[in-house]
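Count residues from 1 along the sequence.
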Amino acid sequence: AGGESVAKWIDPDLLLEKCDECICVTCLAVMSEPMTARCPELHSFCRTCYVQWLVRNEGCPTCRHPVAGEQQLVRNRPLEAMILRLTIRCPTAKRAKLAPAAAMTVEEIRTELRGLGLRGLQTAGTKADLVPRLVEERSKNAGCPFMGTVGELRASHLGKCDYEPVACPNEGCAASPLRKDVPAHAAECESAPVKCPNCEDSPLRRDVLAHKAKCDRVKVACTHCEIITERRALAAHQGSCPFAKIECPNAGCGEERTRAGMPVHRAECEHEEVACVLPGCDARKPRKEMLGHLTHSPRHHLPAVVAQTLLIQDSDNAALKRDKVEREAELESVNRAAVGGATKWVFNWRADGWAHDALFKSTVHDFGEGIGGAFCFIRKSEDPDFSHCMGVGFTQAVKCKVRATFCVLDTHDAVLCNFESREEFDGGEFAAWYFEPTAEEKVASLREDGSVRLHVKLRLIFANAAV
């Protein structure tokens with residue numbers, strides 16, 4: 001009940017001093033705004049009670065002496081002043097008549113403690129231990145400790161008492177916590193709106209889990225890789241995730257591979273449709289049928305084979321001539337040359353999650369003249385414009401010209417991209433070149449096991465001066 005309704009009806013049992021003349025015989029409560037009727041005995045009642053009585057009756061509620069109406073009532077200010085000075089407890093105080101703890105048996109004390117919600121060791125011990133515990137628990141459950149005059153109760157306490165039950169402001173909640181417990185109740189009320197940390201919605205607390213299960217802004221992990229994205233973007237990501245399993249598109253195959261590994265599978269799949277390798281032939285057949293096509297059509301393919309063979313020979317001859325010219329030009333400008341052989345390294349673009357530097361180094365190569373060196377690949381260089389560094393380190397300081405070529409290979413060991421450099425090297429121990437593969441080159445070179453293959457060719461031309 002609100003403060004106004006309580007003010008209209010105060011239980012006389014709350015008074016700490018006896019005052020029979022302060023009790024309204026109509027509502028049996030402490031009088032509020034006492035009014036006196038002009039009857040021979042001058043009986044007094046609550047103003048509201050008297051007015052409601054006269055609507056249905058014409059006499060004094062006590063002696064039944066005729067009373068003309070509300071205009072015959074007189075406010076009894078002396079009685080009102082006396083009532084306001086009476087000592088009273090708060091209506092929310094619990095008034096159960098309890099036996100003194102010291103006069104109770106141990107079992108009686110334990111029974112009352114269990115009734116107050118205590119269990120186990122909280123009810124164990126001797127009577128000397130249990131008596132102060134019972135007194136403390138009674139004080140916790142005694143309700144409002146207010147004690148003052150009726151005037152103070154009505155003027156400043158009712159409507160503000162911490163122990164007064166109040167309705168929860170959240171729509172749909174039937175709870176009526178004590179005023180002092182409203183913040184704690186609000187923090188756990190199932191009908192309270194709770195702001196979603198991911199979107200603009202504010203579902204009720206009881207619906208938070210259901211909302212989170214469908215909120216399109218919640219961060220979720222791809223089931224195929226470690227990528228974390230919003231739920232609304234997950235379908236688009238999974239449609240291109242390189243680690244998602246997909247079925248081979250070739251009819252009759254049915255094999256499943258990761259999206260990144262599918263090109264490797266299709267390069268070997270017997271059901272993949274491939275073109276005839278011979279020029280002039282437009283035939284396309286599944287790979288498993290191509291051998292039969294080549295062997296059973298010799299008359300058709302023979303002219304093309306001859307032409308292709310001649311073309312390859314011409315190309316090889318031209319390449320040999322170019323190489324001879326290049327070597328002769330180099331030998332004219334220097335006295336001696338040491339050539340580093342080609343090597344293949346396997347590494348991972350995503351090594352160590354891109355979180356730390358990663359170094360890949362070959363075994364030591366003998367360049368002659370007592371000079372050794374190793375090729376190395378360093379991911380995430382200090383240069384902010386490049387993420388990769390290719391270099392060669394020597395066992396001692398050298399003077400030379402450097403001709404470097406390093407290639408990233410695709411999944412069929414074909415060259416995907418080249419990085420070339422020509423430099424003069426004067427008395428140092430390390431030569432380095434920086435480069436940044438494109439995102440497309442990284443995807444095209446990524447093998448099914450997550451590795452990438454690099455092909456390196458290094459040519460060192462030493463000067464006449466002693467090294």
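At most 12 non-hydrogen atoms from other residues, nucleotides or ligands lie less than 6.0 angstrom from CG of Leu209. For Glu270, the CD atom sits in a loose shell: 12 or fewer heavy atoms of surrounding residues, nucleotides or ligands are nearer than 6.0 Å. Shown here is Glu21, whose CD atom has more than 12 heavy atoms of other residues, nucleotides or ligands within 6.0 Å.
Between the Arg205 side chain and the Ala187 main chain, a donor and an acceptor come within less than 3.5 Å of each other. Distance alone, capped at 3.5 Å, is enough to place a donor-acceptor pair between the Arg110 side chain and the Thr123 backbone. Remark: the backbone N or O of Cys269 is not paired with any side-chain donor or acceptor of Lys288 at under 3.5 angstrom. Although no hydrogens or angles enter the test, the distance criterion places no donor-acceptor pair under 3.5 Å between the side chain of Arg231 and the main chain of Val218. A donor-acceptor pair under 3.5 Å is absent between the side-chain atoms of Glu289 and the main chain of Pro286, judged by distance alone. Counting only distance, with no hydrogens or angles, the side chain of Asp410 and the backbone of His412 share a donor-acceptor pair below 3.5 Å. At distances below 3.5 Å, not a single donor-acceptor pair connects side-chain atoms of Lys285 with backbone N or O atoms of Cys276.
Sequence neighbours left out, the pairs with a member in residues 240-267 that pass side chain to side chain donor-acceptor pair (under 3.5 Å) are Asn250-Glu272, Glu255-Arg257, Arg266-Glu272. Residue pairs meeting the side chain to side chain donor-acceptor pair (under 3.5 Å) criterion with at least one member in residues 182-203, sequence neighbours excluded, are Ser191-Arg206.
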Mind running side chain to side chain contact (heavy atoms under 4.5 Å, CB included) on Leu84 and Thr149 for me, showing each step along the way?
CA-CA 6 Å; Leu84 293 177; Thr149 65; over 6 Å; no
Determine whether His271 and Arg287 satisfy the following criterion, side chain to side chain contact (heavy atoms under 4.5 Å, CB included), listing intermediate values before the conclusion.
CA-CA 6 Å; His271 300 274; Arg287 184 173 280 110; over 6 Å; no
The test is side chain to side chain contact (heavy atoms under 4.5 Å, CB included); show your working for Leu130 and Arg133 and say whether it passes.
CA-CA 5 Å; Leu130 296 175; Arg133 194 174 304 163; 3.7 Å; yes
Applying side chain to side chain contact (heavy atoms under 4.5 Å, CB included) to Cys199 and His211, what does each step give before you reach the verdict?
CA-CA 10 Å; Cys199 68; His211 171 77; 3.4 Å; yes
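Ring orientation note: the planes of Phe45 and Tyr50 are nearly perpendicular, at an angle over 60° on the 30°/60° scale.
Note on Glu107 versus Arg114: salt bridge recorded, some NZ/NE/NH1/NH2 to OD/OE distance being below 4.0 Å.
Using a 4.5 Å heavy-atom threshold, the side chains of Asn76 and Pro78 count as touching.
The disulfide (SG to SG under 2.5 Å) check on Cys19 picks up Cys22, with sequence neighbours excluded.
For Cys222 against Leu234, the heavy-atom pair with the smallest separation is CA-CD1, 4.0 Å. The two atoms that bring Ala192 and Asn170 nearest to each other are CB-ND2, 3.4 Å, heavy atoms only.
Checked against Ile10 for a side-chain contact (heavy atoms from CB on, under 4.5 Å), the options Leu15, Leu153, Leu86, Ile83 give a single hit: Leu153.
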